[in-house]
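Here is the structure we will look at, set down as structure tokens.
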Protein chains: 2
Amino acid sequence: MKGMTELLKGVLEGVVLQVIQNSEEAYGYQITSTLIELGFQDIVEGTVYTVLLRLEKKNLVTVEKRKSMVGPARKFYRLNDAGVTYLADFWQKWSFLVDQLIKIKR
Amino acid sequence: MKGMTELLKGVLEGVVLQVIQNSEEAYGYQITSTLIELGFQDIVEGTVYTVLLRLEKKNLVTVEKRKSMVGPARKFYRLNDAGVTYLADFWQKWSFLVDQLIKIKR
DNA sequence: GTCCAGTACTTAGTAATACTAGGTAAGGCC
DNA sequence: GGCCTTACCTAGTATTACTAAGTACTGGAC
């Protein structure tokens, strides 16, 4: 869907964290594919990587580089404790927002 | 709720439009109060006014200035046809996003 | 009649974040 | 070698909400 950019702000971090958690660990290229499969058609690789670097900088994930047999090395991300807490907090804020919007729409 | 700033991006425009539509017409100060009442505790006046000016610039609303007996003149906003369309589009995008997030959370 | 609280609107500057539009590399296949 | 897929990185830009002010009008307290 077109024009989702602004709506995605603040959401993508949580979404990426959740996708990582869903598969225990995940790497950027894989996350991008997963998101596109799930319907985020317009998500671009670059966007996902900037999110991942941000998550790393915020110390919400651990990173492990491992070689691949079909291309360059992959950077596998995993949530750490702070990441798990952050994700739970994200869903709480999200639910809150959803509830507010339901109230407004009536 | 704290730290909703980023989540609000892209949402506030739709929310403000909906609040205006809910009362046929509305002015900034009133919209701010309504939002705070509805739970957006941390919304600040300045934010609402910047949204309103943006909506005006995008030609989604009509504006009428009317005197008040309890303070300065009020600027009453109303959705025009483009605003109604935009709002419908906003809710469609929002629903889409909500559905995506449900899928991801599992 | 002066001061203040409540009402009402405006705006310059900042921070956060998604996108644009590239680029770099490694491996496999022809 | 040339090309495709996989895989990651990044400088610059646009959008948007917030910060932190300021202006101005009305009515009541004193």
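Below, read A as the first sequence line, B as the second, and so on, with proteins coming before strands; counting in each chain starts at 1.
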Exercise. Start at the 5' end of DNA chain C and walk down; is the nucleotide closest to B:Thr50 or to A:Val48 reached first?
Worked result: B:Thr50
Problem set entry | Check: B:Lys9 side chain, C:dA16 base, donor-acceptor under 3.5 Å | yes
For this session: With heavy atoms under 4.0 Å as the rule, sort B:Gly46 into base, sugar-phosphate or nothing.
Result: base
Exercise. Taking NZ, NE, NH1 and NH2 as the nitrogens, is one of them in A:Lys75 or A:Glu64 under 4.0 Å from a carboxylate oxygen of the other?
Worked result: no
Problem set entry | d(OH, A:Tyr27; C1', C:dA26) in whole Å | 14 Å
For this session: Return no unless some side-chain N or O of B:Arg54 is found under 4.0 Å from OP1 or OP2 of D:dT16.
Result: yes
For this session: Identify which nucleotide among C:dA18, C:dA8, C:dC9 has an atom closest to any side-chain atom of B:Lys75, counting heavy atoms from C-beta outward.
Result: C:dC9
Exercise. A:Pro72 has a side chain; which of D:dC25, D:dT10, C:dA26 sits nearest to it?
Worked result: C:dA26
For this session: Check the distance between C:dA12's P and B:Leu53's CG and give it to me in whole angstrom.
Result: 11 Å
For this session: Run the salt-bridge test on A:Lys93 and A:Asp89 with the 4.0 Å N-O cut-off and return the result as yes or no.
Result: yes
Exercise. Out of C:dT17, D:dT6, D:dC8, which has the shortest distance to the side chain of A:Glu45?
Worked result: D:dC8
For this session: Would you mind reporting whether A:Gln18 and A:Phe90 have side-chain heavy atoms less than 4.5 Å apart?
Result: no
For this session: Kindly point out which of D:dC18, D:dC9, C:dT20 is positioned nearest to the side chain of A:Val44?
Result: C:dT20
For this session: Measure the distance from CD on A:Glu56 to P on D:dT10 and round it to the nearest whole Å.
Result: 10 Å
For this session: Send over the distance from A:Tyr49 OH to C:dT20 P, rounded to a whole Å.
Result: 17 Å
Seminar exercise, completed: From CD1 of A:Ile31 across to P of D:dT6 the rounded distance in Å is 16 Å
For this session: Using heavy atoms to find the nearest nucleotide of DNA chain C for A:Ala73 and A:Val51 separately, return the residue whose nucleotide is more 5′.
Result: A:Val51
Seminar exercise, completed: Exactly one of B:Val61, B:Ile20, B:Val63 clears side-chain contact (heavy atoms from CB on, under 4.5 Å) with B:Leu52, and that residue is B:Ile20
For this session: Look at the side chain of A:Glu13 and the backbone N and O of A:Gly10, then say whether any donor-acceptor pair between them is shorter than 3.5 Å.
Result: no
For this session: Using a heavy-atom cut-off of under 4.0 Å over every strand shown, decide if A:Thr47 touches base, sugar-phosphate, or nothing.
Result: base
Problem set entry | Whole-Å gap separating P (C:dG28) and NZ (A:Lys67) | 13 Å
Exercise. NZ of B:Lys2 versus C1' of D:dT19: gap in Å, rounded?
Worked result: 14 Å
Exercise. How would you label the contact of A:Leu12 with the nucleic acid (heavy atoms, under 4.0 Å): base, sugar-phosphate, or nothing?
Worked result: sugar-phosphate
Exercise. Checking all strands, does B:Ser68 fall into the base, sugar-phosphate, or nothing category for heavy-atom contacts under 4.0 angstrom?
Worked result: sugar-phosphate
Seminar exercise, completed: When rounded to whole Å, the CD to C1' distance for the pair A:Gln30 and D:dC8 reads 14 Å
